[in-house]
Structures are given as structure tokens and as C-alpha cells.
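Everything below concerns the one structure shown next.
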Amino acid sequence: MAKAEVSLEHLFRVFTKPEHDDSTLAKIERHLSDNVSDFLSQHVVTKKTSLEEIEKDFSSAIVPDSPEFVSSHAESLLDKLVAHSVNTYSPTFIGHMTSALPYFHLPLSKLMVGLNQNLVKIETSKAFTPLERQTLGMLHNLIYKQNDEFYAEYLHSAEHSLGAFCSGGTIANITALWVARNLALGPQRGFSGVNKAGLAAAYRHYDIQNMGLMSSRRGHYSLGKTVDVLGIGRDNMLCIDSPRQILEPEKALAYGKAYQQDGNKLLAIVGIAGTTETGHVDPLCELADVAKELGCWFHVDAAWGGATLFSDRYRHKLKGIEKADSVTIDAHKQMYVPMGAGMAIFKDPKASNAVRHHAQYILREGSKDLGATTLEGSRNGMAMMVYSSFHIFGRRGYELLVDRAIEHAQTFAQMITQHPDFELMTSPVLSLLTYRLRPSALKALSECSSAYQQHINGQLDELTVSIQKQQREAGKSFVSRTRIEIEAYNNQPITVFRVVLANPLTTEQNLEAILAEQVELAANNPIWLTLSQTPETLHVKTA
Ligand SMILES: *Cc1c(COP(=O)(O)O)cnc(C)c1O
């Protein structure tokens, strides 16, 4: 590896221009972007190298002593990093919420990195701060549809904020429920508020045993982190059984009442608009009413499903979201923005004052600094990517993408249902579904005795795990897997393939090929071979 000289002159050149001449950087950039494009036109996994093998390239824990030329370092990145990355752009990569990005993000991200603005305060961001406030306002409007006067008053107000921009859904959930906690245990006569006095004093003052957060069992694991970080404790994460994949309002009400009667206080009910595992949407309207009756905050986690609000045809699926006190949205999921773009949106522009903080050298009182109400400190200008995407696609452009994804999922569900060797485990509410391989000889399994079901499902679980791994290792396509309770099988947890149809470039042929590959892999699997020979007499209920 060519080593560069150790001198301030060399380092100054690294800050200002490439080490040789002006055209070198352009060459490096072209070289990198050609290589990235080549890479992105290939399979999901380009090189079948084991993780252990790759780790050898990253085995030294010593910071290199001497500088390296940018050009030779770029070569080594191509070799060690790019070549072994996962091609999330592949149309057959349908296992996760991370997918292809529109091309314009690459040049735009150069602008963002190049300007290196810090959104924590106006002194280091200027125009980016109004841009971020406007972007938050657009999301607020998409959810709450307030009138022009409302946005004229609050969009750029120093005393208010319509939301908090952050790195993702996890921080958005924590931020929203941090606000909810500080409001629920706020200052009163003789009590300075939980933010000052702490949780123990707050529980004493409010005379409560514990505080709990409720969601269905399909709640994202970031909610567990939230109760941990907020000091409420993971034992007070109230996960309600959800064999129908949703939080049933009657169950929520009964559980919440019992919890409060025991001397506890419910912090919030979390309704999910698009669960991570199955894409289901909780009955938001009814849950909002339950939260009202129980006297707690109502938060909607629309990290993934929020983009559905763009669609005139499907936004009704999120009906009731406008009743939420706060909403989480991830722009880096269905809004096709690069990783690192989450938002917590608040119905009440005053709500986030519950976490407002000041510091002398920064975030002075009365300033419009966004950092005064965010959990994170220094933040980059990611809001620009959301802002630009909103302009470049437009609401109607997003609508087309959302509609296509949902309808694609419906088509895929049909393909699965019509195939004798597959079983659709959860239908797509949005663009996510789960299914598994199940030999046609076992079509009547859900009508069999529960002992027999358990026995067979155990073997099918093993089959699903093994096929999913083999398919991933083959590198042509990727579906993920999860384990969820299924109502049709007496709420038994079952391992399923999980598919997210996010990439607009995925075709029906891609989907057919993925199913065909799974059938092919199954044909050589001993579990499949045994189970597919189950006698037809199974149609008679096994005692
Ligand atoms: C992805 C997701 C999150 C977490 O978001 P990150 O951006 O990964 O932090 C939270 N809730 C739901 C429903 C999600 O789908």
C-alpha cells in the first residue's frame, strides 16, 4: 500500500484538494461510482465469502500510524467493503424494509456532506433550520391536516415545534414517549416535575406504584428500549397477546383498567400503523378512545406504514392516526430516503416544551434552535433529503409508489394462495406478508388436533429456517423470517417467511422465481420429502 508522507502540508492538501492534481479526485469519484453501479446491478450477494473470512480484513485494533493516499485507500474500500456489501437495491431483495434508493440521493448527499451543517443550532445551520421545520410541518399536515393559519403560527415559532427530526424510528419513539412521560409526571404545586426530581420522587408525589407502556405483542423492540431508557422498566412494558396481529381495543381497555386499579399509571398506549413483522395496522380510532378513557397518551408508531398517508386510495387504512398525541415516521423506510431519517410528530405544538432544555453557549432561550427539543445533539442535514424527495416525487408520485407496493403484495399473496405447496400465514394489509412452504398433503392441518398440529408445525418451522438460510446463502434472492402466533393454529407461534415489497423495480417474474427457488430447495429437503408423503387420510380430523 502506497504510504503518504507524514507532514502538515500533505494533510492540508487532504482538506483542500487531492494529493496529485484536480482531476485525481474526479477519477476516484468516477471509479467509485462505476464500481458501485456495477455492484448494484448484481445479485443480492456478489461474493460468497463467509463472515469469518471478511473479519480477517478487519482484524487489527490499531489505528494506522501513517497516512495513506486517498486513491489507494479508495481501492482498498472497493476491495474489502463494497465487494462484500449486501445489494439492497436488488429487486429480489425482498426481506427487509431497506431497499433501493432513487439515484438523486447520491449527488444530493454530496451536497449535504459537503456543507456539513449542524442542525442543533441556527448558528451552524441557518437555512437548514427553516427547511427542517417546514419538513416537519409537511408531515404534521399529512397526519393532522390543520388549516393554513395553524401552520403560519407554529411552523417557525421559537416557542413551539411540530416535531423532532432524528436518526430513526427508535429515537423517534423514545422522544415521543419522553415528552409523554414529562407531561404525565409534570410539575405541580410542591413538585418540580419528573425531569428535575426524577422518577422515584415523581412516583411518590403522584402516589403510583409503577408506570406502564402498552402495545400489542407485535410492538417494535424499540419500545422495550424506551421503557428502559425512560426508567419505567422493562417489566412495565405491557405486551398484549395479539394472535390476530393487532391490539384489540377491548383487551387494551380491560388490561389498562386492571393495571391502573392496582395503583399504577398507564403512560401511553402505542397503536402500530404497520407492524414490522406482519404489516398489520392496529384499530387506531378505537385505541384512541381507549387511551382517552384510561386518561393516557396515545402514540402511533407509523415508522414503516406512515407513507400510506400519501395514498388517497389507502390512507383510510390508517384512520384514527389523526387522534394520536404523537406519531413516529421513518423516512428511510417507505419514503425512500437514505438511512438516518426519522421523525416524531406532535399534534400539540406545545407538547415538546416538556423536554425543552437550554445551555448557555448554545440553545439560548428564545432562539429557534431545533436542538432545544431533540434527544440527539449534533445532527446532520438529513431533513434536506426528505424535503427534496417530497419535491422530486410529489405527493402523487409517492401515492403511485405506495399503491404499487400494496397491490404488488396482493398479487404475491394470490400467487402463494394458488400454489398448492405454500400457505399464506398473514395477508397483506399494506405491502408486507408472511407465508411458508407447506405440502399440499397437509392442506387440512389447521383442522387437525392441536397435538398433531404442534408436531407438524415444529417440523415445518425447521423446514422454513433451513430453506430461508439456503436461499440467503445461494445469494440470488433474500426473504427474511420471523416467528409469530397464528390464530388459525390456536395461537401457536410459527416460523414464517417474511416479505416486504418495497422495491418498485421488483417484478412479478422476480416473485415467481423466488417461489420457484424455494420449491426447488424444498425438493431436496428430508423434512419436505417426509411431510409431502403424508397420506390423504389426513383430511379426516386426526384425533
Ligand atoms: C423500523 C421500525 C422502528 C424502528 O426504526 P429504526 O429506524 O430502525 O430505529 C420502530 N417501529 C416500527 C414499527 C418500525 O417498523
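In each ligand, atom 1 is the first atom listed, and ligand 1 is the first ligand listed. Excluded from the calculations below are hydrogen atoms, water molecules and symmetry mates; all remaining heavy atoms, backbone and side chain alike, are included. Worth saying up front: this structure is predicted, and the values here are computed from it rather than measured.
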Original post:
Near ligand 1, which residues have a heavy atom under 4.0 Å away from one of its atoms?
Top reply: Met97, Gly168, Gly169, Thr170, Asn173, His220, Ser222, Gly274, Thr276, Asp301, Ala303, Trp304, Asp330, His332, Lys333
**OP:** With sequence neighbours excluded, give me every ring-ring contact (aromatic ring centres under 6.0 Å, His included) pair touching residues 310-334.
**Re:** Phe310-Phe390, Phe310-Tyr398
Original post:
So, does Ser125 use its side chain to make a donor-acceptor pair with the main chain of Phe128 at under 3.5 Å?
Top reply: no
Subject >> Residues Glu322, Arg315: salt bridge by 4.0 Å N-O rule >> reply: no
Original post:
Any side-chain donor-acceptor pair under 3.5 Å between Ser311 and Thr308?
Top reply: no
Subject >> Pair Glu485 + Arg218: basic N to acidic O under 4.0 Å >> reply: yes
**OP:** Carefully, step by step, assess Lys469 and Glu473 under the rule salt bridge (Lys or Arg N to Asp or Glu O under 4.0 Å).
**Re:** CA-CA 6 Å; Lys469 280 188 184 162; Glu473 279 158 20; over 6 Å; no
